[in-house]
Number of protein chains: 2
Amino acid sequence: MTARHLRTPSDKIAPDVLCAALEILDELGPDGFTVRAIAERADVAPMAIYNHFDGKNGVLEAIWADGFDQLRTELGVTTGDAEVDVMAAGMAYRSFALEHRAHYTVMFMHRFVGFEPSVDAAHLAAGAFQELVNHIERCQVLGLFQSDKATNVAQMMWATCHGYVSLEILNINFSDKPDETYIHLLSGLRNGLAT
Amino acid sequence: MTARHLRTPSDKIAPDVLCAALEILDELGPDGFTVRAIAERADVAPMAIYNHFDGKNGVLEAIWADGFDQLRTELGVTTGDAEVDVMAAGMAYRSFALEHRAHYTVMFMHRFVGFEPSVDAAHLAAGAFQELVNHIERCQVLGLFQSDKATNVAQMMWATCHGYVSLEILNINFSDKPDETYIHLLSGLRNGLAT
DNA sequence: ATTGTAATAGAACAGTGTTCTATAGGGGGT
DNA sequence: ACCCCCTATAGAACACTGTTCTATTACAAT
């Protein structure tokens, strides 16, 4: 759009690229996620992606890290009622995934060629998981979820949330009421593991 | 390996290509899944993949269809005890995914560029899901899973199985006993939805 | 032995991520 | 106001991708 050979201020490049990358991922999916397309959308030279990130995978790493940081925040909300909080975290998980599909795609849905998150990024992912463990542990103090370690129960909960949401994003949800079915699934799991 | 300019019998090409494609997917993942690599592994000319399939996506379609066909078979086992069968189907789901990672990757874990399963292939997928619905319906006759439609309960079960398995394949399972945790998850869900 | 099918090798095309080059815009110092 | 230096830019180049087209020829059926 903007005429070429006008240059973008240095401190605007990184956010512009990230924004453009997320837009393209949302609109075109992983197929359209190319260096040249991102650069054009951000109104920036392709080289900028190599100077400000570490190439295409650097952009993916930034999205991955940003996603797990947001997810950790949204899963970490507490009200004082642990039993309410754990269900709220389950709801927040789905909301995050459906409202940030680009992030969720990078984090869980697609193996981009050559992309392996760094150890720092993996640590962020573990941090998000830890929020689930914390919820479970607070419930266990109240006498719930006694049948297994908090880590294992949290793994079950994450699997349940991710499974429902990922099938939904892949458009293979046969439920006639997806919202209610998700709530039903969450409460069913809670009841089944309550003792 | 074999000297070139020796040609492969026509009726051996398709199975050789499929076998090579699955091997490459297992060993190198989606990154290494290239037409030239598959052809070389199958000891076949790259053009064969266009003559016997419809290019790279044709191979993916064949793997997808084969996978859902196998999955439907393995989910469809019945013994007469519906409550046992539904749990067995859950176990069979995980076994299929872990023992056929290449298939599972194509079916659920990765959006290959430009690949969209045909309506026939999508019908196979629906057939596999239907086996779950059948199990749930047989349980409902016995008084179980009364709280929702069989389709919705089956969706919950599929989500649970897929979620656990897909995180496992992505190497993000924090459980210290993955096998036991899966069983615990399945029985927890059954108990939670029993009424 | 001859014929016809089809598997082959190989070039060619547009597109990919990535690296390197030379150019020149524009902010910060004088 | 000027100048200088940092760096964003354009563009070529590389090896790779999926795909199409070509000409050759191995090999089975006749």
Side-chain angles (χ1 to χ4, degrees), chain A residues 1-21 24-25 27-64 106 110-117, chain B residues 1-21 24-25 27-64 106 110-117:
Chain A
M1 287 305 178
T2 307
R4 278 280 75 69
H5 77 273
L6 293 181
R7 57 174 57 178
T8 311
S10 299
D11 55 1
K12 244 182 120 283
I13 288 189
D16 282 9
V17 167
L18 274 184
C19 182
I24 286 186
L25 222 35
E27 296 172 19
L28 278 53
D31 296 18
F33 193 80
T34 72
V35 171
R36 290 169 177 87
I38 297 167
E40 188 180 7
R41 167 83 61 131
D43 206 38
V44 144
M47 271 303 296
I49 291 173
Y50 292 87
N51 296 331
H52 288 260
F53 298 87
D54 195 23
K56 184 183 180 179
N57 286 341
V59 178
L60 290 172
E61 168 104 8
I63 294 175
W64 162 290
V106 173
H110 190 86
R111 317 202 90 172
F112 290 84
V113 343
F115 173 61
E116 203 74 34
Chain B
M1 285 305 177
T2 307
R4 279 279 74 70
H5 77 272
L6 294 181
R7 56 177 56 180
T8 311
S10 298
D11 55 1
K12 244 182 119 280
I13 288 189
D16 282 9
V17 166
L18 274 184
C19 182
I24 286 186
L25 221 36
E27 296 172 18
L28 277 52
D31 298 18
F33 193 80
T34 72
V35 171
R36 289 170 177 87
I38 297 167
E40 188 180 6
R41 167 83 60 131
D43 206 38
V44 146
M47 270 304 295
I49 291 172
Y50 292 87
N51 295 332
H52 288 259
F53 298 87
D54 195 22
K56 184 183 181 179
N57 286 341
V59 179
L60 289 172
E61 169 103 9
I63 293 175
W64 161 290
V106 173
H110 189 88
R111 316 202 91 171
F112 290 84
V113 342
F115 172 60
E116 202 74 34

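Every chain is numbered from 1, with letters handed out A, B, ... down the list of sequences. Only heavy atoms go into these numbers, but all of them, side chains included; no hydrogens, no water, no symmetry mates.
- Regarding A:Ile13, its CD1 atom lies at a distance of 13 Å from the P atom of C:dG26, rounded to whole Å.
- Considering only side-chain atoms of A:Met47, the nucleotide from D:dT20, C:dG17, D:dT9 that sits closest is D:dT9.
- Listed nucleotides D:dG18, C:dG25, C:dT8 differ in distance to A:Arg7; the shortest reach to its side chain belongs to C:dG25.
- Between D:dT17 and B:Thr34, a contact under 4.0 Å exists linking OP1 or OP2 to a side-chain N or O.
- Atom CD1 in B:Ile49 sits roughly 16 Å away from atom C1' in C:dA6 (whole-Å rounding).
- Using a 4.0 Å heavy-atom distance criterion, A:Phe33 is classed as a sugar-phosphate-only contact.
- In this structure, the side chain of B:Asp16 does not engage the main chain of B:Asp43 through any donor-acceptor pair within 3.5 Å.
- Separating the OH atom of B:Tyr50 from the P atom of D:dT19 is a distance of 4 Å, rounded to the nearest angstrom.
- In this structure, A:Asn57 atom CG and C:dT19 atom P are separated by 11 Å, rounded to whole Å.
- Considering all non-hydrogen atoms of both residues, A:Ala20 and A:Ile38 come closest at CB-O, 3.8 Å.
- Within the model, atoms CD1 of A:Ile13 and CE of A:Met47 stand 10.5 Å from one another, a figure rounded to the nearest 0.5 Å.
- Look at A:His52 and you won't find any side-chain N or O under 4.0 angstrom from OP1 or OP2 of D:dT7.
- Between B:Asn51 atom CG and D:dT19 atom P there is a gap of 13 Å when expressed in whole angstrom units.
- Between A:Phe53 atom CZ and D:dA8 atom P there is a gap of 12 Å when expressed in whole angstrom units.
- Taking 4.0 angstrom as the limit, A:Ser10 places none of its side-chain polar atoms (N or O) nearer than this to OP1 or OP2 of D:dT7.
- A donor N or O paired with an acceptor N or O is not found under 3.5 Å between the base of C:dG15 and the side-chain atoms of A:Arg36.
- Within 4.0 Å of B:Phe112, counting heavy atoms only, lies no atom of the nucleic acid at all.
- A distance of 9.0 Å separates CG in A:Leu28 from OG1 in A:Thr34, rounded to the nearest 0.5 Å.
- A straight line from CG of B:Leu28 to P of D:dC16 spans 15 Å, rounded to a whole angstrom.
- Both B:Thr8 and A:Pro9 lie close to DNA chain C; mapped to their nearest nucleotides by heavy-atom distance, the more 5′-ward contact belongs to B:Thr8.
- Scanning both residues, B:Lys56 and B:Val35, for their nearest heavy atoms gives CB-CG2, 3.8 Å.
- Rounded to an integer number of Å, the gap from B:Asp54 CG to D:dG18 P is 14 Å.
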